[in-house]
Amino acid sequence: MAENNDYQVLARRWRPQRFSEVVGQDHIVTTLQNAITQGRVGQGYLFIGTRGTGKTTIARILAKALNCLSDSKPVPEPCCQCASCQAIKDGASLDVIEIDGASNRTIDNIRQIRDTVSIAPVSSRYKIYIIDEVHMLTKEAFNALLKTLEEPPAHVKFFFATTDPQKIPPTILSRVQKFELHRMDWNTLNEYLQRMAEKEGLKASPAAIAAVARAGNGSMRDALSVFDQVLAWGGEEVTEKDVAALLGLTDREIISELNGAVVRKDCAKALECVAKVMEGGRDAERFILSLIQYFRDLAVLKVSNSPGKLLEESPEYLETLRKEAAEHTLSHLTQSIDELLQILPKLSSTEAKQTILELAVLKLIHIRSQITPDEIFQRLADLENGSVTREREKAAERKAAAPASGEQNPELSGDMALAKQLFPGSRPE
Ligand SMILES: Nc1ncnc2c1ncn2[C@@H]1O[C@H](COP(=O)(O)OP(=O)(O)O)[C@@H](O)[C@H]1O
Ligand SMILES: [Mg+2]
Ligand SMILES: [Zn+2]
């Protein structure tokens, strides 16, 4: 495949040509199709969304639908056969002008557009300008554009796309209909890739595809180009191991499973996870590095609600991480990281990798089982805040019942007893 010079990357081959082929953006597709059927297509649209979610794709399909020759008026689904549809697909239509806002950002560039806007379309119903990355235009260019947007000739449509709508002046924003594209969630990516692999006759295991979908991280284009890389690298049959080896991904599912085992203090399950890592043929060092990264991410979420650049992940995954972080204390996390950092150098020079990993996960459980100073302080604080009154009342009752009960109060919870041992004399009566 790699030797074939005609090889077209999957993202291009799999660019949807019809609305029905676009996935994950039903809210936009339906609205646009309704607008066409009802003859209410606006003059300006702005598609907002992260890269590889379908902005350019949808803009082109809309252009085809408006100019399709299969009917005497715009159609809700382009035929993809007529001369107009074909020309737009090939980027050869004289009436659909695509402009990259990043490299045509000056006032002169926009003036050129303005000068051609009034000229009637060559052979189509509409003259359509698709301006990508429109937020890159200069202030002067936006001003020039605004004039055109205020009174566009009836035959002209503007479709804009941007990843960064904040940078577009409000005067422009108020003159267009805005559509926000969704990030592709993992399920959408996964299903799409499975379907694609089947149609292309690619041999890739479901687990491999699942990993590619994760690597896409919300972007269909990214997922498809990862797939291309994996195919070029892995050859005939793509396994999860190939994907992991290529991307340095370890399976988040295993890590998440392992975390669950640690939280539940389930040693058998934790050892099973290690076995899975080894069976999968993963690099043990790399796995530990991923685990360190994982605990680090949880620790970041422990100390920050909006981690921003510290932790760039999809909102869905952040949500999962947040839930997992809630099950740990910061002290558990830092101790776990410490522990893993210590075993890391041991892995490079030994045959007993599995044993070392096993020992490591058991230690993680051990760390989890220890009560940490953090926890003690937290529980003491809780007591001070709320339950202390109840405790006092109970203590008073106990005293009344058995005035000489002394130090070892059997009704004190285990943690409180421990707190008392650690901090003699600092505890509620
Ligand atoms: N919603 C989608 N449904 C199906 N494929 C998509 C979708 N969005 C993106 N893709 C894939 O990613 C490629 C790039 O999409 P594109 O529309 O250019 O993204 P952008 O939002 O960056 O403009 C397409 O050629 C297509 O293969
Ligand atoms: Mg684009
Ligand atoms: Zn057509």
Side-chain angles (χ1 to χ4, degrees), residues 8-30 32 36 45-93 95-96 98-104 123-126 128-136 159-165 179-197 199-200 212-213 215-228:
Q8 194 182 28
V9 296
L10 289 171
R12 283 195 60 197
R13 204 138 56 129
W14 278 77
R15 186 186 286 284
Q17 297 299 328
R18 294 179 170 81
F19 282 124
S20 61
E21 292 164 10
V22 174
V23 296
Q25 313 295 0
D26 293 355
H27 59 305
I28 297 176
V29 166
T30 310
L32 289 174
I36 294 173
Y45 286 100
L46 172 63
F47 300 103
I48 303 167
T50 48
R51 64 182 194 286
T53 50
K55 301 181 294 296
T56 304
T57 303
I58 291 176
R60 285 192 193 154
I61 298 175
L62 182 57
K64 282 199 281 193
L66 293 184
N67 280 349
C68 183
L69 301 171
S70 66
D71 202 340
S72 55
K73 56 183 195 307
V75 290
E77 189 72 297
C79 77
C80 295
Q81 309 285 321
C82 71
S84 169
C85 283
Q86 287 290 340
I88 295 173
K89 180 181 182 209
D90 299 338
S93 169
D95 297 316
V96 177
E98 285 199 35
I99 297 152
D100 171 21
S103 47
N104 298 278
S123 59
S124 316
R125 243 172 247 131
Y126 297 105
I128 298 169
Y129 293 87
I130 301 179
I131 307 187
D132 209 355
E133 301 298 347
V134 69
H135 63 269
M136 299 292 284
F159 303 159
F160 303 124
T162 184
T163 46
D164 201 353
F179 286 114
E180 285 191 35
L181 285 87
H182 292 154
R183 276 176 76 91
M184 302 272 146
D185 62 32
W186 176 81
N187 266 317
T188 309
L189 291 174
N190 190 48
E191 271 171 27
Y192 193 82
L193 296 177
Q194 300 275 5
R195 197 145 44 89
M196 183 211 66
K199 287 225 174 115
E200 292 267 327
V212 172
N217 195 17
S219 160
M220 184 66 86
R221 195 206 341 262
D222 289 2
L224 289 169
S225 45
V226 167
F227 215 137
D228 271 321

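Because the structure is a prediction, the values reported are computed rather than measured. Side chains included, hydrogens not; waters and symmetry mates left out as well; all remaining heavy atoms used. Order of listing sets the numbers, starting from 1, for every ligand and every atom in it.
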Point to revise | Inter-residue atom distance I61.CD1 - C85.SG, 0.5 Å rounding | key: 10.5 Å
**Study point:** Donor-acceptor under 3.5 Å (E180 side chain, G49 main chain)
**Key:** no
Exercise for review: Run the numbers for me: atoms of ligand 1, each under 4.0 Å from some heavy atom of W14, listed by number.
Suggested key: 26 (C), 27 (O)
Exercise for review: Please step through side chain to side chain contact (heavy atoms under 4.5 Å, CB included) for the pair F160 and F47, ending with a clear verdict.
Suggested key: CA-CA 6 Å; F160 303 124; F47 300 103; over 6 Å; no
Practice item. Give a rough value, rounded to 10 degrees, for the angle at the Zn ion (ligand 3) between atoms SG of C68 and SG of C82. Key: 120°
Practice item. Give the numbers and elements of all ligand 1 atoms closer than 4.0 Å to a heavy atom of Y192. Key: 4 (C), 5 (N)
**Study point:** Intermediate values then yes/no, salt bridge (charged side-chain N to carboxylate O under 4.0 Å, His left out), R60 and E98
**Key:** CA-CA 9 Å; R60 285 192 193 154; E98 285 199 35; 2.5 Å; yes
Check your understanding: Hey, is the Mg ion (ligand 2) within less than 2.8 Å of some N/O/S atom on T56?
Key -> yes
Exercise for review: Would you mind checking which non-hydrogen protein atom is closest to atom 24 (C) of ligand 1, with the distance to 0.1 Å?
Suggested key: A11 O, 3.5 Å
Review point. Do S225 and D222 have side-chain atoms, one donor and one acceptor, less than 3.5 Å apart?
Key: no
Practice item. May I ask you to list the atoms of ligand 1 that are less than 4.0 angstrom from any heavy atom of V22? Key: 1 (N), 3 (N)
Exercise for review: Using a strict cut-off of less than 4.0 Å between a Lys/Arg side-chain nitrogen and an Asp/Glu carboxylate oxygen, indicate whether R13 and E200 qualify as a salt bridge.
Suggested key: yes
Exercise for review: Would you mind listing which atoms of ligand 1 come within a distance below 4.0 Å of any non-hydrogen atom of M184?
Suggested key: 1 (N), 2 (C)
Practice item. Can you sort out which atoms of ligand 1 are near L224, meaning under 4.0 Å from one of its heavy atoms? Key: 11 (C), 27 (O)
Review point. Do R15 and T57 get their side chains close enough for a donor-acceptor pair, meaning under 3.5 Å?
Key: yes
Review point. Where the Zn ion (ligand 3) is the corner point, what angle links SG of C85 with SG of C79, to 10°?
Key: 120°
Review point. Is a donor on one side and an acceptor on the other found under 3.5 Å between the side chain of N104 and the backbone of D100?
Key: yes
Review point. Any nitrogen or oxygen of L10, main chain or side chain, under 3.5 Å from a nitrogen or oxygen of ligand 1?
Key: no
Review point. Quick one: which ligand 1 atoms are inside 4.0 Å of a heavy atom on T57?
Key: 15 (O), 16 (P), 17 (O), 24 (C)
Review point. Nearest to atom 9 (C) of ligand 1, what protein heavy atom do you find, and at what distance?
Key: G52 O, 3.4 Å
Point to revise | Pair F19-L32, side chain to side chain contact (heavy atoms under 4.5 Å, CB included): steps then yes or no | key: CA-CA 9 Å; F19 282 124; L32 289 174; 4.2 Å; yes
Check your understanding: Mind checking whether R221 has an N or O less than 3.5 Å away from an N or O of ligand 1?
Key -> yes
Practice item. Could you tell me which atoms of ligand 1, counted from 1 in the order shown, lie closer than 4.0 angstrom to a heavy atom of R51? Key: 22 (O)
Point to revise | Chi angles and distances behind the side chain to side chain contact (heavy atoms under 4.5 Å, CB included) call for D95, I128 | key: CA-CA 6 Å; D95 297 316; I128 298 169; over 6 Å; no
Review point. Can you tell me if E133 and T163 form a side-chain donor-acceptor pair at under 3.5 Å?
Key: yes
Review point. To which protein heavy atom is atom 18 (O) of ligand 1 closest, and what is the distance rounded to 0.1 Å?
Key: R15 NH1, 3.1 Å
Check your understanding: Among side-chain atoms of Q81 and S70, is any donor-acceptor pair under 3.5 angstrom?
Key -> no
Study note, to complete from the structure: Looking only at protein heavy atoms, what sits closest to atom 4 (C) of ligand 1 is P16 CG, 3.4 Å
Study note, to complete from the structure: If you compare T56, T50, D132, L189 by their heavy atoms, the one closest to atom 23 (O) of ligand 1 turns out to be T56
Point to revise | Residue, atom name and distance, where the atom is the protein heavy atom closest to atom 11 (C) of ligand 1 | key: M220 CG, 3.5 Å
Practice item. Could you find the nearest protein heavy atom to atom 1 (N) of ligand 1 and give me its residue, atom name and distance? Key: V23 O, 2.8 Å
Review point. Based purely on interatomic distance, does T53 place a nitrogen or oxygen under 3.5 Å from a nitrogen or oxygen of ligand 1?
Key: yes
